[in-house]
Participant: 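Supplied in structure tokens, the structure appears directly below.
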Amino acid sequence: MEQVEDFQKLRKTAEDMGLFKGSVVFFGLYLSHILVLEVLAWATLNYLGTGWIPTIITILLLSISQAQAGWLQHDFGHLSVFKTSKWNHIGHKFVIGHLKGASANWWNHRHFQHHAKPNIFSKDPDVNMVHIFVLGDTQPVEYGKKKLKYLPYNHQHQYFFLIGPPLLIPVYFTVQIMKTMITRKDWVDLAWSLSYYTRFFFTFVPYFGVLGSIALLTTVRFIESHWFVWVTQMNHIPMEIDHEKYRDWLGSQLAATCNIEQSFFNDWFSGHLNFQIEHHLFPTMPRHNYYKIAPFVRSLCKKYEVLYEEKPMWKAFTDIIGSLRKSGDLWLDAYLHK
């Protein structure tokens with residue numbers, strides 16, 4: 001197939017351009033800015049005390065640090081920082097384990113499935129909503145015809161604000177990660193995770209006590225969760241979500257992903273996931289090179305009339321809600337009339 005051959009040529013072009021080589025300077029500075037934020041959070045309390053203003057500043061600094069560490073662990077998990085898998089795996093365990101308290105193996109297991117079959121029911125864990133939401137155009141109708149009503153899905157675009165962004169990381173991910181590490185006897189990842197919690201409480205208990213430190217951690221997770229959910233879902237939820245259609249690599253990835261307009265802020269805020277199309281087509285490419293390959297990808301998509309969708313970030317956020325509303329309406333219609 002000519003399209004597949006052209007994509008293979010594009011990948012070879014990217015390799016010849018050195019676009020799969022990570023920049024030590026970029027990732028070094030990125031890690032440094034995360035560590036600086038951590039130090040500033042401690043220094044704020046140490047020098048300004050634990051009043052409301054210093055506490056709020058500390059919460060914001062830690063929230064930014066956690067969100068940015070989330071994007072950095074994503075880089076290591078995709079083996080896009082160092083040349084060898086070994087050092088990427090070590091870096092991954094350090095960032096996701098010691099800097100975030102999560103599990104590298106848990107993340108890899110979920111995320112690799114997502115990349116292989118994005119937005120495919122029963123294959124992409126990111127669209128397994130455990131009956132809390134119905135997504136796309138097919139699932140709502142299937143639920144409606146079967147008279148399945150675990151929740152009032154016609155209101156899912158409203159209760160999303162209550163149980164989506166606020167709870168994903170503080171509740172669902174936290175419980176799932178700990179349960180996975182213990183049930184799978186993943187003692188290495190558990191040790192890395194506990195090193196984070198040990199460091200966190202050792203740092204903040206002297207200022208807030210045990211309960212206060214737990215409240216601090218929960219608040220940081222709450223803010224980080226909003227950041228994470230809106231960024232990760234803006235590229236996928238509004239796109240096609242369906243059962244397997246057995247497309248080629250280009251077609252399957254473009255059907256499930258879209259891009260957000262580039263700017264320095266958008267790059268930083270989203271961890272370069274505003275280049276979601278390029279990331280999905282070339283998962284091991286370091287993110288600082290996405291903008292270099294993007295024009296070639298656009299050209300290839302134009303040649304084969306594959307939709308290359310790019311939008312402003314605010315539009316991407318509102319499209320999440322619009323998509324949930326549309327799916328909810330499809331469910332209600334099928335539930336009442338089919």
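All values reported here derive from a predicted model rather than from experimental measurement. The chain is numbered in sequence order, starting from 1.
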Participant: Regarding Tyr291 and Asp267, do their side chains bring together a donor and an acceptor under 3.5 Å, going by distance alone?
Facilitator: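 Side-chain D/A pair, Tyr291 to Asp267: absent.
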Participant: Would a line drawn from the ring center of Phe204 to the ring center of Trp42 be shorter than 6.0 Å?
Facilitator: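 Centroid distance Phe204-Trp42: not below 6.0 Å, so no.
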Participant: Kindly state each residue pair satisfying side chain to side chain donor-acceptor pair (under 3.5 Å) with at least one member in residues 80-92, sequence neighbours excluded.
Facilitator: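 The answer is Gln73-His92.
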Participant: Would Tyr153 and Phe133 satisfy side-chain contact (heavy atoms from CB on, under 4.5 Å), going step by step from the backbone distance to the final call?
Facilitator: CA-CA 7 Å; Tyr153 298 121; Phe133 300 101; 5.7 Å; no
Participant: Before giving the answer on salt bridge (Lys or Arg N to Asp or Glu O under 4.0 Å), spell out for Lys9 and Glu5 the whole-Å C-alpha distance, their side-chain angles and the decisive distance to 0.1 Å.
Facilitator: CA-CA 6 Å; Lys9 291 177 182 177; Glu5 293 177 355; 5.5 Å; no
Participant: Quick one: are Gln68 and Leu72 in side-chain contact, heavy atoms under 4.5 Å?
Facilitator: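 No, too far: nothing below the 4.5 Å cut-off.
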Participant: Walk me through it: do Gln66 and Lys100 pass the test side chain to side chain donor-acceptor pair (under 3.5 Å)?
Facilitator: CA-CA 7 Å; Gln66 283 297 294; Lys100 291 192 60 62; 3.2 Å; yes
Participant: Less than 4.5 Å apart, any side-chain heavy atom of Phe202 and any of Tyr197?
Facilitator: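 Contact flag for Phe202/Tyr197 side chains = no.
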Participant: Please test Phe94 against His98 for ring-ring contact (aromatic ring centres under 6.0 Å, His included), starting from the C-alpha separation and ending with a verdict.
Facilitator: CA-CA 5 Å; Phe94 171 75; His98 185 65; 5.6 Å; yes
Participant: Compare every heavy atom of Trp249 with every heavy atom of His115, then report the nearest pair and how far apart it is.
Facilitator: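 Nearest pair, atom of His115 first, then Trp249: O-CH2, 3.8 Å.
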Participant: Apply side-chain contact (heavy atoms from CB on, under 4.5 Å) to the pair Phe112 and Trp107, showing each step before the final yes or no.
Facilitator: CA-CA 8 Å; Phe112 293 170; Trp107 183 87; 4.3 Å; yes
Participant: Atom CG in Leu211, atom CG in Leu216: separation rounded to 0.5 Å?
Facilitator: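 That separation rounds to 12.5 Å.
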Participant: Minimum heavy-atom separation for Leu148 and Trp331, please, with both atom names.
Facilitator: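 The pair with the smallest heavy-atom distance is O-NE1, 2.9 Å.
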Participant: Would the distance check show the side chain of Ser225 and the main-chain N or O of Pro165 forming a donor-acceptor pair, the cut-off being under 3.5 Å?
Facilitator: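 Yes; at least one donor-acceptor contact below 3.5 Å.
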Participant: Less than 4.0 Å between a side-chain N and a carboxylate O, is that true for Glu261 and Lys311?
Facilitator: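 No, Lys311 and Glu261 are not salt-bridged.
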Participant: Please verify the inter-ring angle class for His78 with His74; under 30° counts as parallel, over 60° as perpendicular, anything in between as tilted.
Facilitator: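 Aromatic pair His78/His74 classed perpendicular.
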Participant: Is Trp314 reachable from Met239 through a run of hydrophobic residues whose side-chain heavy atoms are each under 4.5 Å from the next?
Facilitator: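 Looking at the clustering, Trp314 is in a separate group from Met239.
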Participant: Apply side-chain contact (heavy atoms from CB on, under 4.5 Å) to Ser193 and Asp189, showing your working.
Facilitator: CA-CA 6 Å; Ser193 177; Asp189 275 15; over 6 Å; no
Participant: Roughly how far apart are Thr13 OG1 and Gln8 CD, rounded to 0.5 Å?
Facilitator: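 Spacing of OG1 (Thr13) from CD (Gln8) equals 12.0 Å.
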Participant: Would a hydrophobic clustering, with Ile, Leu, Val, Met, Phe, Trp and Tyr connected at side-chain separations under 4.5 Å, put Ile223 with Leu168?
Facilitator: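 Linked, Ile223 and Leu168 end up in one cluster.
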Participant: Is any side-chain N of the basic residue among Glu2 and Lys303 closer than 4.0 Å to the acidic one's carboxylate O?
Facilitator: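 Salt bridge flag = yes for Lys303 with Glu2.
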Participant: Nearest 0.5 Å, please: how far is CD1 in Ile120 from CG in Asp242?
Facilitator: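 Here the rounded value is 7.0 Å.
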Participant: Of all the heavy-atom pairs spanning Lys149 and Pro152, show the shortest one and how long it is.
Facilitator: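 Looking at all heavy atoms of both residues, the closest pair is CE-CA, 4.4 Å.
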Participant: Stepwise, does the salt bridge (Lys or Arg N to Asp or Glu O under 4.0 Å) test hold for Glu15 with Lys21?
Facilitator: CA-CA 9 Å; Glu15 292 173 351; Lys21 296 178 181 178; over 6 Å; no
Participant: In Å, rounded to the nearest 0.5 Å, how long is the span from CG of Leu135 to CG of Asp124?
Facilitator: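 That separation rounds to 10.0 Å.
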Participant: Taking atom CH2 of Trp187 as the centre, does the number of heavy atoms from other residues, nucleotides or ligands within less than 6.0 Å exceed 12?
Facilitator: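 Atom CH2 in Trp187 is packed in, count exceeds 12.
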Participant: Decide whether Ile56 and Tyr47 are clustered together by the hydrophobic rule: side chain heavy atoms of Ile, Leu, Val, Met, Phe, Trp, Tyr closer than 4.5 Å, transitively.
Facilitator: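 Unlinked, Ile56 and Tyr47 end up in two clusters.
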Participant: For the residue pair Pro170 and Thr174, what are the closest heavy atoms and their distance?
Facilitator: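 Between these two residues, the closest heavy atoms are O-OG1, 3.4 Å.
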Participant: Could you give me the CA-CA distance, side-chain angles and deciding distance for Lys12 and Asp16, then say whether salt bridge (Lys or Arg N to Asp or Glu O under 4.0 Å) is met?
Facilitator: CA-CA 6 Å; Lys12 181 63 167 58; Asp16 294 341; 2.9 Å; yes
Participant: Scan side-chain atoms only and decide if Asp319 and Ser323 contain a donor-acceptor pair under the 3.5 Å cut-off.
Facilitator: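 Not at all, the side chains of Asp319 and Ser323 share no donor-acceptor pair under 3.5 Å.
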Participant: Side chains of Phe228 and Trp71: does their closest heavy-atom pair fall under 4.5 Å?
Facilitator: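 Phe228 vs Trp71: side chains touch.
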Participant: Among Gln262, Gln276, His279, His272, find the one that has a side chain to side chain donor-acceptor pair (under 3.5 Å) with Tyr290.
Facilitator: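 Considering Gln262, Gln276, His279, His272, a side chain to side chain donor-acceptor pair (under 3.5 Å) with Tyr290 is found only for His279.
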Participant: Without hydrogens or angle criteria, can the side chains of Asp186 and Asn105 be said to hold a donor-acceptor pair below 3.5 Å?
Facilitator: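 Judged by distance alone, the side chains do pair up.
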Participant: Can you tell me how far NE2 of His280 sits from SG of Cys258, rounded to the nearest 0.5 angstrom?
Facilitator: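 Atom-to-atom, Cys258:SG and His280:NE2 are 10.5 Å apart.
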Participant: Side chains of Glu310 and Asn259: donor-acceptor distance under 3.5 Å anywhere?
Facilitator: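 The answer is no; no qualifying pair exists.
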Participant: Report the relative orientation of the aromatic rings in His33 and Tyr30; use parallel for angles under 30°, tilted for 30 to 60°, perpendicular for over 60°.
Facilitator: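 Aromatic pair His33/Tyr30 classed perpendicular.
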Participant: With side-chain contact (heavy atoms from CB on, under 4.5 Å) as the criterion, how do Phe161 and Ile321 come out once you've worked through the C-alpha distance, each side chain's angles and the decisive distance to 0.1 Å?
Facilitator: CA-CA 9 Å; Phe161 292 95; Ile321 305 306; 3.6 Å; yes
Participant: Is any side-chain heavy atom of Gln139 less than 4.5 Å from a side-chain heavy atom of Ser327?
Facilitator: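 Not in contact.
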Participant: A side-chain contact here means heavy atoms from C-beta on lying under 4.5 Å apart; do Met234 and Ser270 qualify?
Facilitator: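 Answer yes - side chains close enough.
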Participant: Is it the case that atom CD1 in Ile53 sees more than 12 heavy atoms from other parts of the structure closer than 6.0 Å?
Facilitator: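 Check fails, neighbour count at 12 or below.
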Participant: Counting the benzene-type ring for Trp, do Trp227 and Trp268 have ring centres under 6.0 Å apart?
Facilitator: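 Yes, close enough.
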Participant: Rounded to the nearest 0.5 Å, what's the gap from CG on Asn119 to CD1 on Ile237? Could you check?
Facilitator: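 So the CG of Asn119 and the CD1 of Ile237 are separated by 7.0 Å.
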Participant: Does anything in residues 154-165 form a side chain to side chain donor-acceptor pair (under 3.5 Å)? List the pairs, not counting sequence neighbours.
Facilitator: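 For residues 154-165, and leaving out neighbouring residues, the side chain to side chain donor-acceptor pair (under 3.5 Å) pairs sorted by first residue read His155-Gln158.
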Participant: Do any N or O atoms from the side chain of Ser195 and from the backbone of Trp192 form a donor-acceptor pair under 3.5 angstrom?
Facilitator: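 Yes, because the side chain of Ser195 sits within donor-acceptor range (under 3.5 Å) of the backbone of Trp192.
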Participant: Pair Glu278, Arg287 - check salt bridge (Lys or Arg N to Asp or Glu O under 4.0 Å), show working.
Facilitator: CA-CA 9 Å; Glu278 288 71 27; Arg287 58 164 135 150; over 6 Å; no
Participant: Determine, for Arg247 against Glu240, whether the closest basic-nitrogen to carboxylate-oxygen distance falls under 4.0 angstrom.
Facilitator: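 Yes.
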Participant: Minimum heavy-atom separation for Phe200 and Ser213, please, with both atom names.
Facilitator: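 Closest heavy-atom pair between Phe200 and Ser213: CE2-O, 3.5 Å.
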Participant: Answer yes or no: is there a donor N or O on one side and an acceptor on the other, between the side chain of Asn289 and the main chain of Lys292, under 3.5 Å?
Facilitator: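 No.
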Participant: Does the gap between the ring centers of Trp230 and Phe317 come in under 6.0 Å?
Facilitator: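 Close enough - the centres of the two rings lie under 6.0 Å apart.
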Participant: Centres of the Phe7 and Phe296 rings: under 6.0 Å?
Facilitator: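 Here the rings of Phe296 and Phe7 have centres that are no less than 6.0 Å from each other.
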Participant: Do other residues, nucleotides or ligands put more than 12 heavy atoms under 6.0 Å from Arg298 CZ?
Facilitator: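 Count over threshold, so yes.
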Participant: Where is the tightest heavy-atom contact between Val141 and Asp137, given as atom of each residue plus distance?
Facilitator: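 For Val141 and Asp137, the tightest heavy-atom pair comes out as CG2-O, 3.5 Å.
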